[in-house]
4 protein chains.
Amino acid sequence: MAGSKYEYVKKFELPDPLLMGTFLVLRIDGHAFHKLSEAHSFNKPNDERALQLMDHAARDVMNEFKDILLAFGESDEYSFLFRKSSALYNRRQAKILTTVTSLFTSSYVYNWSKYLPDQELKYPPSFDGRIVLYPSSKEVRDYFAWRQADTHINNLYNTIFWALVLQGGESTSQAHATLRGTVSSKKHEMLHSRFSINYNSLPARFRKGSILVREKVVPDKTDVQALGAEGATDSPDAVSSGTPGPTSGKPAKKPKVQFTTELLHCDIIGDEFWEQRPYLLAE
Amino acid sequence: MAGSKYEYVKKFELPDPLLMGTFLVLRIDGHAFHKLSEAHSFNKPNDERALQLMDHAARDVMNEFKDILLAFGESDEYSFLFRKSSALYNRRQAKILTTVTSLFTSSYVYNWSKYLPDQELKYPPSFDGRIVLYPSSKEVRDYFAWRQADTHINNLYNTIFWALVLQGGESTSQAHATLRGTVSSKKHEMLHSRFSINYNSLPARFRKGSILVREKVVPDKTDVQALGAEGATDSPDAVSSGTPGPTSGKPAKKPKVQFTTELLHCDIIGDEFWEQRPYLLAE
Amino acid sequence: MAGSKYEYVKKFELPDPLLMGTFLVLRIDGHAFHKLSEAHSFNKPNDERALQLMDHAARDVMNEFKDILLAFGESDEYSFLFRKSSALYNRRQAKILTTVTSLFTSSYVYNWSKYLPDQELKYPPSFDGRIVLYPSSKEVRDYFAWRQADTHINNLYNTIFWALVLQGGESTSQAHATLRGTVSSKKHEMLHSRFSINYNSLPARFRKGSILVREKVVPDKTDVQALGAEGATDSPDAVSSGTPGPTSGKPAKKPKVQFTTELLHCDIIGDEFWEQRPYLLAE
Amino acid sequence: MAGSKYEYVKKFELPDPLLMGTFLVLRIDGHAFHKLSEAHSFNKPNDERALQLMDHAARDVMNEFKDILLAFGESDEYSFLFRKSSALYNRRQAKILTTVTSLFTSSYVYNWSKYLPDQELKYPPSFDGRIVLYPSSKEVRDYFAWRQADTHINNLYNTIFWALVLQGGESTSQAHATLRGTVSSKKHEMLHSRFSINYNSLPARFRKGSILVREKVVPDKTDVQALGAEGATDSPDAVSSGTPGPTSGKPAKKPKVQFTTELLHCDIIGDEFWEQRPYLLAE
């Protein structure tokens with residue numbers, strides 16, 4: 001057969017399994033999204049439609065990969081937490097990384113017009129992705145705390161910055177100069193005194209980011225009520241039901257617990273979120 | 001700063017540089033494209049529109065990444081050859097791999113309606129990707145020979161298979177049974193005697209796959225004439241001009257040579273293609 | 001400078017840091033030790049002198065690398081457990097792996113004549129080494145349980161095997177045939193009935209392997225009494241005192257706790273060993 | 001079986017194959033040899049006996065691993081070149097790296113008393129090791145040129161430095177100060193004018209380092225005469241005959257060519273050495 005003579009080149013592929021028994025966190029970041037947001041006139045400091053599109057793409061990823069138990073998004077990035085025992089694609093790094101990044105990208109482009117119907121997408125946007133391994137639940141919690149703390153810091157800065165520019169009439173470089181060296185409390189005060197904005201009454205989505213989390217469905221089918229949840233009724237595909245794990249190769253032995261995927265904008269730095277959902281950091 | 005306490009989790013990221021001085025081949029494969037082609041009624045055995053869409057996505061990738069000198073596509077896969085000395089993203093594996101796979105995916109979805117205007121895309125398609133390193137030019141040539149030989153083998157099989165099914169009235173399992181154990185010459189003969197198809201007169205695109213290659217522009221602006229080329233006039237964005245390398249971090253020192261990216265469907269197993277373009281396998 | 005022109009070759013070195021926050025287990029195995037034991041007439045089924053030499057080499061390694069908290073040896077292998085937070089050589093894999101394997105080898109050859117004074121070493125013996133990462137303490141305990149269970153299985157087999165050969169007059173192939181398919185209890189019985197050997201009264205070193213463990217020194221200088229310990233008086237360099245960590249780059253902040261390294265031949269599969277020494281599996 | 005329950009821990013071992021089709025260079029470096037040379041009163045600036053011991057250990061490594069075609073040593077380091085097609089241990093990195101480093105170490109300790117009979121070895125010395133991959137023969141040549149250029153630079157410095165200290169009566173810090181900023185020609189001149197030393201007439205071993213190279217044996221059994229070779233008659237185990245490759249798993253098909261391993265102290269920066277031995281950089 002003609003192919004056989006050249007097939008030896010396959011042997012140059014190197015194995016790339018990820019260490020077992022560790023949590024996988026896969027983070028996707030927009031590539032040159034500053035330019036994308038300019039080109040498509042995203043609202044400043046936050047464009048809710050663009051954030052909802054990100055959430056939609058993340059939800060599509062979670063519907064496809066049941067080993068993802070939690071996702072956190074802010075701005076042009078999204079982080080996905082895989083269960084510690086995930087055997088997805090035999091934990092082959094490139095396979096997991098590219099398939100997830102590709103599906104996220106695909107969903108973003110595919111659903112663009114649903115969220116930004118008046119803004120034609122001018123060119124194909126792209127994302128990069130990376131996987132980081134965390135050996136223990138403490139580090140996983142600190143990872144998500146890191147991203148949410150970052151959300152807060154960036155959003156506070158951007159909120160006052162764009163108020164100075166859009167309402168205060170400063171140039172962007174003036175606004176940066178005005179803010180240089182200001183601490184958090186000073187920024188809160190400026191927002192309040194100069195622009196009558198109470199930071200804490202801004203939408204939770206902007207201040208806390210987006211959390212997509214598997215929630216156990218209560219067996220008696222009463223409504224799942226999670227604080228701050230924008231659940232199943234938001235969009236046609238908002239509820240995914242199923243059991244995490246079918247893609248992981250290991251058959252579940254216990255009676256099936258049903259899960260939905262809920263969108264929250266709540267605090268994930270404190271203990272409450274995690275204590276209510278111990279299965280996120282279990283096996 | 002609130003973020004600092006958690007920022008230590010960044011240190012768990014591991015470096016993943018690719019060995020210097022090797023050719024990178026990045027191959028993208030469609031994820032579950034059998035299902036995609038069924039759901040969107042792709043023509044059998046080949047859907048020219050879908051193949052042109054793949055070529056378009058590959059061209060977008062080459063327009064963005066000048067260190068890619070050559071690409072080869074068939075069916076739902078595309079392989080990209082990066083110059084040996086490429087310093088793109090400091091040769092960080094995950095960064096290169098995800099950015100290219102993401103852009104390819106994005107372009108595929110973005111441009112779908114241009115090529116399949118009568119087939120609404122029903123869900124977001126995705127791709128996986130991998131990078132393989134080849135130390136020498138011999139292995140690079142053999143890699144592309146492997147993919148083109150594979151194209152031939154698959155296309156011959158699929159051509160006779162679908163003739164048996166669509167024109168011969170066989171079921172798909174009957175057709176597989178009919179073909180079991182037949183050698184190449186027998187398949188050619190069946191095509192000719194039963195369906196009056198001369199395999200070698202089928203479109204080169206189906207038999208040879210798609211080659212996207214950087215071609216040096218002759219300085220005096222006379223036409224570039226490459227055998228079998230479907231050049232600049234085919235589509236509005238068919239010609240990309242520029243010099244390979246700007247993304248690689250090293251400034252070019254020589255007077256700039258202009259390149260275009262041409263689409264060919266020619267033989268790349270023999271010597272001629274490579275001897276005419278020695279720069280593909282140089283630094 | 002003459003060297004500069006060629007120095008670019010250094011850039012081909014790839015980083016190889018081991019994931020933070022995981023336990024390192026480094027296992028050393030004798031290379032072709034079957035031949036070594038034949039060539040130097042090691043006693044069968046166990047040569048206590050050769051085992052003591054292994055223990056000595058392992059102790060030298062622990063004296064040098066304070067981040068090693070525990071080691072387990074049997075036959076021609078030794079496993080070393082590094083503390084989870086070890087920053088030895090910035091966790092560079094090849095550096096840790098080769099330095100430890102080299103020192104172990106060196107000590108083995110250097111001290112040979114102390115333990116086998118009547119057997120001149122005929123050629124330089126060698127070892128291989130590998131590092132495996134374990135994310136949690138459960139896996140670390142199971143690793144050491146695996147090696148000790150293996151010790152038991154092998155020693156029981158070898159004890160009855162060599163009894164059959166040396167006392168029973170069987171050939172080695174006869175002895176293997178005699179033992180084929182026998183379960184553990186049958187082997188115990190054969191030892192007792194045919195050779196009057198009560199397996200459980202054989203030396204603990206042979207049945208349990210060798211455990212080298214950091215023991216906290218009680219501040220008031222009363223004797224450390226560990227069950228089965230062959231402590232400081234065994235050999236001139238048997239006691240190493242100090243605080244684990246000085247090689248790890250991070251200065252200890254707490255008042256210094258003194259440690260000794262004790263040699264035990266006790267059970268490490270059950271909970272007791274670990275519960276008495278919680279620091280082994282802490283940070 | 002008792003072991004089976006814990007055996008799952010083996011699955012945490014990760015594969016580590018080295019890229020095919022690349023040259024492996026394994027470099028061994030003495031660990032804390034400054035201290036070792038002080039403790040054992042090595043001659044300054046070079047101790048010929050210690051260098052001969054290094055050469056002996058390197059030769060033992062080459063006798064064991066036939067895929068090593070060339071080695072270069074200077075001071076307390078030795079570099080080994082494996083043939084590009086080597087399949088030793090299926091190119092598993094840790095296995096190759098530790099086995100070679102361990103054998104080198106073992107031989108160094110084992111043979112110490114042959115070369116330094118009046119200096120009892122006071123403690124076990126150790127080495128570290130690393131593997132670097134080079135895709136092409138140019139980089140391999142430049143690697144060895146780098147090491148030999150380094151030998152020259154260091155030896156010239158050390159020669160004049162120790163002349164200033166031992167003959168000139170300067171303190172070591174005075175000597176460093178005297179040499180600060182001096183170029184090569186100035187050092188030559190100082191050696192000549194102040195100490196009547198003609199640098200170029202110093203032993204080639206000190207100026208060029210040690211080269212151990214496989215030499216093809218001329219079939220008619222006449223003496224192999226390589227310029228500067230200290231060949232077979234030097235030491236009982238100086239000649240290793242055999243064909244490179246037996247450990248690599250691939251059976252040689254051609255009539256066997258015999259090789260010896262010769263010790264040279266010649267130039268390896270220029271072309272002559274390599275042009276006379278094209279097989280070093282072939283497959």
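Quantities reported herein were computed from a predicted structural model and do not represent experimental measurements. The chains referred to below are lettered A, B, ... by the order of the sequence lines, with proteins before strands, and numbering in each begins at 1.
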- prompt: Are any non-hydrogen side-chain atoms of B/T101 and A/T101 less than 4.5 angstrom apart?
  reply: no
field: Members of residues 132-143 of chain B whose heavy atoms come closer than 4.5 Å to chain A
entry: B/V132, B/L133, B/Y134, B/P135, B/K138, B/E139, B/D142, B/Y143
query: Is there a donor-acceptor contact under 3.5 Å from the side chain of B/S102 to the main chain of A/S126?
result: no
task: Mind checking the OH-CG spacing from A/Y123 to B/L103? Nearest 0.5 Å is all I need.
output: 11.0 Å
query: What residue, out of B/A145, B/P125, B/S106, has the most heavy-atom pairs lying under 4.5 Å from chain A?
result: B/S106
task: Measure the CZ-NZ distance between B/R130 and A/K95 for me, rounded to the nearest 0.5 Å.
output: 6.5 Å
- prompt: Would you say the side chain of B/K5 lies within less than 4.5 Å of the side chain of A/W146, judging by non-hydrogen atoms?
  reply: no
- request: Among the options B/S184, B/A57, B/S107, pick out the one with the most heavy-atom pairs lying under 4.5 Å from chain A.
  value: B/S107
field: Worked verdict on B/L121 versus A/Y110 for side chain to side chain contact (heavy atoms under 4.5 Å, CB included)
entry: CA-CA 8 Å; B/L121 184 57; A/Y110 184 81; 3.8 Å; yes
Winner by heavy-atom pair count (cut-off under 4.5 Å) against chain B, out of A/V109, A/L14, A/I96, A/V100: A/V109
message: Tell me which of these, A/I269, A/V183, A/T105, A/L97, has more heavy-atom pairs under 4.5 Å with chain B than the rest.
response: A/T105
task: Step through the shown structure and confirm whether more than 12 heavy atoms of other residues, nucleotides or ligands are within 6.0 Å of NZ on A/K114.
output: yes
query: For chain A, which residues from residues 24-33 of chain B have at least one heavy atom closer than 4.5 Å to it?
result: B/R27, B/H31
task: Look only at the side chain of B/T98 and the backbone of A/G129, and say whether a donor-acceptor pair between them is shorter than 3.5 Å.
output: yes
Residues B/Y6, A/Q148; criterion side chain to side chain contact (heavy atoms under 4.5 Å, CB included); working and verdict: CA-CA 10 Å; B/Y6 303 116; A/Q148 191 168 60; over 6 Å; no
